[in-house]
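All of these numbers come straight from a predicted model, not from anything done at the bench.
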Amino acid sequence: MRYHHLAIDGPAGAGKSTVAKLVAKKLHYIYIDTGAMYRATTYKALKLGIDLDKPQAFDFLDETSMTFKDGILYMDGVEMTDTIRSREVSNHVSLVSSHIPVRNKLVALQQKIAKHHNVVMDGRDIGTVVLPQADLKIFMTATVDERAKRRHEENLALGYPSDYDTLVAEIKRRDGIDSSREYNPLRQAEDAILLDTSHMDIEEVANTVYTMFLNAIKTNRSKQMEHKIEEMPVVNTPRVGDILKGTVIKVTDEEVLVDVGYMFEGTIYRDHLTNKKLSSAKDFVSEGDEIEVQVTKIAHGDSNNILLLSRKDIERKAVQKEFRSQLEIDKDVTARVKKDVRGGLLLDFHAIELFLPDSLISLNPLTPEMKTELVGTDIDVRIIDIRKDRNRDKIIVNRKQLLFEHIKQAEKEALDAVNVGDVVTGKVVRIVDFGAFVQLSPVIEGLLHISEVSHYHIKDVKELLSVDQEITVKVIKKSGKRISLSKKALEEKPWDLFLQKYKVGDKVKGIVVKKMQFGMLLEVERQVSGLLNRSDYSWDPQDNLAGRVQIGDEIEVEITSISREKRQFTLSKKHLEYNPWADLKLKVGELVSATVKQIEEKGAVMEVHGVEAFLPIREISEDRINRVEDVLKLKDVHTVEVTAFFPREWQMTVSLKKVHEKKERRDYEAQLKDNVSASQTMADQLMELMNKSKK
C-alpha cells in the first residue's frame with residue numbers, strides 16, 4: 001500500500017502549522033509538526049543545561065522518544081504543547097535547528113513516521129529533504145508584518161505573552177538564520193507551488209491546499225496507471241491462493257472486474273472486497289484503482305471461464321501486519337477485551353492478541369465482577385513487554401499506568417485552573433487536629449489550616465466545621481500540588497468590626513484577660529482587647545485595683561484612644577469617676593475646717609473639703625500624747641493648718657498644734673499690749689510669762 005504525503009514549507013510565522021492541522025483533519029491524515037520537534041529538542045537541551053553551540057552535545061536525542069497523537073507532540077511520554085512556546089525556546093530554536101546531527105536525527109524520525117502513514121508535514125525543508133517524493137509540495141509565505149500579526153494573534157488566543165514588535169524582530173532574525181544556514185537552508189523545492197497567503201484567511205488557505213492535494217493525488221494516480229499498463233509484465237497462470245496485483249476496469253454495486261494480466265478478468269463480489277460492511281462496491285474502489293487480490297477459484301470452460309478473487313484474507317493479514325508493526329514497547333493502543341482468563345484478560349488488537357495481567361488492570365483492588373464487566377469493552381493499554389512464546393509473540397500490556405496518568409493529567413488540569421486569590425466552593429472531606437481537607441474537584445483537595453478557619457481562636461476545627469459540609473473559601477497559597485485555603489479571609493476581621501461599633505469616648509465593659517506589672521488587658525469584643533494602664537485605674541494613686549479584681553472579672557471603662565494603624569486602643573476607669581482633688585485649691589499655711597474621720601495609731605484621718613488629709617500624732621498638741629483617742633473623737637470638727645498639699649498624689653497633711661501655737665501667740669501679744677505698765681521691766685514680763693506657762 002502506498003501512503004500519500006503533503007509537504008508544506010515556508011518561513012517562520014507563515015501559518016504552516018495552522019493550515020497543516022486543518023488539512024490533516026479534513027483528510028483524516030496524521031499531522032506531523034516538525035517545528036514542534038525542533039522546539040522540543042531545544043527545550044530539553046536548555047533543561048539539561050548543555051552548550052547549545054556544540055552539535056555533539058545533542059547525543060541525548062538517541063535516547064529521546066517523540067510521538068504524535070491527534071497532532072500533539074509527546075516527548076518522553078510528556079505533552080509538549082505549552083512548554084515549547086516560551087520566549088527562551090523561541091530565541092534558541094534556530095541555532096539548534098542549524099546543527100547537522102540534530103537535523104539528521106529528526107529527519108530520520110520524520111521519514112520513519114511518513115513511511116507507514118498518510119501524513120501532512122510542515123517545516124522549512126520538508127519538500128527538499130524530508131519528503132522529496134511528496135504527492136504535493138507547497139511553499140507557503142507571507143509578508144513579515146502579516147506573519148508577525150498572525151503569530152501575535154495566535155499567542156494571545158492561546159494565552160501566551162506576546163509583543164508584536166518583538167515578533168517582527170524575531171521573524172526577521174529567524175528568516176536570516178534559516179536561509180543562510182550551511183546545512184539544508186530554507187529554500188523552495190523546484191517542484192513546489194508558491195502560495196502567498198498575505199491576503200488570505202486561514203480557512204481560505206486550508207481549503208485551497210486541500211483541493212490542490214486531492215487534484216495532485218488524482219493526477220499522480222492516472223500517471224501511475226498509464227505507466228503500469230504500458231509496462232505490466234506477463235504473469236503465469238494463476239492458482240488458488242495466489243496473491244496478484246491488478247487494475248480495476250469495471251465497478252458495479254455488487255461486483256468488481258479486475259485485470260490481473262491473465263487471459264480473462266477476475267471477479268470480486270462485494271462481500272469479498274473487504275471485511276467491512278458495504279452497501280455498494282463503488283464505495284470501496286473506483287475504475288483505474290490498483291489493488292491486490294487473492295485467487296479463490298479458477299475454472300476454464302468452453303462457454304465461460306471463472307476467476308474468482310477476494311481481498312478479505314489479504315486485508316486481514318495486511319491489517320494485522322500493519323498494526324503489528326505499530327506495536328512497540330511504551331506505545332499506547334486501544335484494544336477490545338475478548339476473554340476473562342486465569343491471571344488476567346485477553347485483548348484483541350486488530351486480530352493480534354494482547355495479555356493484560358490482573359495486577360495491571362485497575363488502580364483499585366480487583367474483583368471478579370470488575371473483570372467480567374470489562375469483557376466486550378474497548379480499553380486503553382500500554383505495551384510493556386514483547387517476548388517470544390512458542391514461536392509467537394506474547395505481548396504484555398498495562399492499563400493501570402494509563403489510569404494513573406489520566407488521573408495525574410486531570411489533577412494537573414484541575415490544579416492549573418486554580419489560582420491564588422480565587423474564591424471557590426468545596427466540601428469538607430476530612431477533619432484533622434491541624435485543620436480540614438476540602439475537596440475542590442474530583443481529583444484535588446486543599447488544606448484549610450485551623451489558623452485560617454476563623455479570625456477567632458479555636459481549639460478544635462469541629463467547633464465550626466463538619467464532614468460533608470459545603471463551604472466557600474479563598475485560595476491563599478499554591479505550591480506544586482499543595483493548595484492552602486482560608487475561610488477567615490472572606491470574613492470581616494474582629495478589629496474591623498470593633499472599629500465599626502466603637503469610637504473614642506464610648507463607655508464599654510471589658511473582661512480582664514491578663515494582668516501585668518504596668519496594667520491589665522480587657523477584652524471588649526471577642527478576641528479584641530485594649531490596655532487599661534495602671535495610671536488609669538483611679539484618680540487615687542494608692543488605689544490597688546489590680547489587687548481587687550481577678551481574671552474573668554468585668555470592669556466598666558471608657559475608650560480613651562484608638563490607633564487604626566497599630567490596631568491598638570487604650571482604656572481608662574478613672575475617666576468614669578469624679579476626681580475630688582481636681583477642683584481643690586489650697587495653700588500650705590492655710591487654715592481649714594476638718595472633721596475627724598478615722599483615728600489611727602500614729603494620727604488621725606481628717607476630712608477636708610470632701611478629701612482626706614492626715615493629722616500626725618505629733619501635730620495634735622504640744623503636750624506628749626500616748627493615745628490619739630484620748631485627745632480626738634470621731635466627728636469632732638477642728639480648725640487645722642495645711643502643712644503639705646500634693647493634689648496629684650492625693651496627699652495632704654494638716655496640723656492642729658500649729659493652730660494652737662498661733663492662737664497662743666496672738667493671745668499673748670494682745671495681753672502684752674494691754675497689761676504691761678510703763679514701769680514694768682522686760683525682766684518682769686519674762687518672769688510673768690514663765691509663771692503662766694508653768695501653770
Side-chain angles (χ1 to χ4, degrees), residues 455-457 492-588 590 592-600 603-615 634-635 637 640 642-654:
H455 288 294
Y456 303 110
H457 175 71
E492 286 195 274
K493 298 177 181 178
W495 174 254
D496 295 330
L497 293 173
F498 172 81
L499 291 178
Q500 295 173 20
K501 188 174 181 181
Y502 299 106
K503 64 182 183 301
V504 173
D506 284 353
K507 183 191 298 184
V508 296
K509 291 183 178 180
I511 304 296
V512 179
V513 293
K514 188 175 183 180
K515 294 165 66 173
M516 301 165 289
Q517 184 177 359
F518 55 84
M520 292 183 284
L521 286 181
L522 272 59
E523 186 179 62
V524 176
E525 288 290 325
R526 184 180 177 187
Q527 295 187 14
V528 179
S529 299
L531 174 64
L532 174 59
N533 195 289
R534 65 180 300 170
S535 63
D536 283 298
Y537 287 173
S538 172
W539 294 110
D540 183 357
Q542 306 303 317
D543 186 1
N544 185 21
L545 177 65
R548 292 188 285 110
V549 298
Q550 304 297 326
I551 300 296
D553 286 354
E554 185 177 72
I555 302 176
E556 189 172 46
V557 290
E558 179 182 311
I559 299 175
T560 54
S561 71
I562 297 177
S563 174
R564 292 176 177 268
E565 296 76 16
K566 296 182 179 180
R567 296 176 176 266
Q568 297 175 352
F569 65 100
T570 59
L571 305 168
S572 173
K573 182 176 181 298
K574 74 181 185 181
H575 277 72
L576 297 179
E577 302 171 352
Y578 170 68
N579 182 6
W581 291 74
D583 300 325
L584 196 60
K585 308 296 182 182
L586 295 176
K587 296 180 180 180
V588 173
E590 187 174 346
V592 294
S593 177
T595 303
V596 180
K597 186 176 181 180
Q598 182 178 332
I599 295 176
E600 298 180 352
V605 177
M606 312 292 286
E607 183 177 332
V608 178
H609 296 314
V611 300
E612 293 181 350
F614 186 66
L615 174 60
L634 290 177
K635 296 184 181 181
V637 178
V640 293
V642 178
T643 58
F645 181 65
F646 302 101
R648 289 188 178 182
E649 288 78 21
W650 277 33
Q651 290 183 4
M652 178 169 50
T653 58
V654 294

Inset, instruction - For Glu525 and Tyr502, work out which heavy atoms get closest and say how close. - result: OE2-OH, 2.6 Å
Legend entry - Rounded distance [0.5 Å steps], CD1 in Ile562 versus CG in Asp506: 7.5 Å
Legend entry - Evaluation steps, side-chain contact (heavy atoms from CB on, under 4.5 Å), between Gln550 and Val512: CA-CA 7 Å; Gln550 304 297 326; Val512 179; over 6 Å; no
Legend entry - Side-chain heavy-atom pair Lys515, Ile551 within 4.5 angstrom cut-off: yes
Legend entry - Atom pair OG1/CG of Thr570 and Leu522 - distance to nearest 0.5 Å: 12.0 Å
Inset, instruction - Could you check Leu545 against Ser538 for side-chain contact (heavy atoms from CB on, under 4.5 Å), going step by step and ending with a plain yes or no? - result: CA-CA 8 Å; Leu545 177 65; Ser538 172; over 6 Å; no
Inset, instruction - Identify the heavy atoms of Ser572 and Leu532 that sit nearest to each other, and give their distance. - result: CA-CD1, 3.7 Å
Legend entry - Qualifying ring-ring contact (aromatic ring centres under 6.0 Å, His included) pairs, either residue in residues 544-569, two or more places apart: Phe498-Phe569
Legend entry - From CD (Gln651) to CZ (Phe614), nearest 0.5 Å: 11.5 Å
Inset, instruction - For Lys509 and Glu554, indicate whether the former's side chain and the latter's backbone hold a donor-acceptor pair under 3.5 Å. - result: no
Inset, instruction - Look only at the side chain of Thr643 and the backbone of Thr653, and say whether a donor-acceptor pair between them is shorter than 3.5 Å. - result: yes
Legend entry - Side chains of Trp581 and Asp540, donor plus acceptor under 3.5 Å: no
Legend entry - With sequence neighbours excluded, residues passing salt bridge (Lys or Arg N to Asp or Glu O under 4.0 Å) with Asp543: Arg548
Inset, instruction - Working to the nearest 0.5 Å, report the span between CG of Asp536 and CG of Leu571. - result: 8.5 Å
Inset, instruction - Using distance alone, with no hydrogens and no angle criterion, decide if Gln598 and Glu612 have a side-chain donor and acceptor under 3.5 Å apart. - result: no
Inset, instruction - Check step by step if side-chain contact (heavy atoms from CB on, under 4.5 Å) holds for Gln527 and His457. - result: CA-CA 8 Å; Gln527 295 187 14; His457 175 71; 3.1 Å; yes
Inset, instruction - Grab the two heavy atoms, one from Val654 and one from Ala613, that are nearest each other, plus how far apart they are. - result: CG1-CB, 4.0 Å
Legend entry - Side-chain (Lys507) to main-chain (Leu576) donor-acceptor, under 3.5 angstrom: no
Legend entry - Non-hydrogen atoms of His609 and Leu586 that approach each other most closely: CD2-CD2, 4.1 Å
Legend entry - Qualifying residues under salt bridge (Lys or Arg N to Asp or Glu O under 4.0 Å), relative to Lys573, sequence neighbours excluded: Glu577
Legend entry - Crowding at CZ, Phe646 (>12 non-hydrogen neighbours, <6.0 Å): no
Inset, instruction - Mark yes or no for whether Lys574, through its side chain, and Ser535, through its backbone, hold a donor-acceptor pair below 3.5 Å. - result: yes
Inset, instruction - Over all heavy atoms of both residues, which pair between Trp650 and Pro580 is shortest? Give the atoms and the distance, please. - result: CZ2-CD, 3.7 Å
Legend entry - Minimum heavy-atom distance Arg567-Trp495, with the two atoms named: NH1-CD1, 3.2 Å
Legend entry - Atom pair OG1 (Thr595) and CE (Met606), whose distance is rounded to the nearest 0.5 Å: 7.0 Å
Inset, instruction - Just do the side-chain contact (heavy atoms from CB on, under 4.5 Å) check on Lys587 and Val642 with the steps written out, would you? - result: CA-CA 7 Å; Lys587 296 180 180 180; Val642 178; over 6 Å; no
Legend entry - Value rounded to 0.5 Å, distance of NZ in Lys514 from CG in Leu531: 11.0 Å
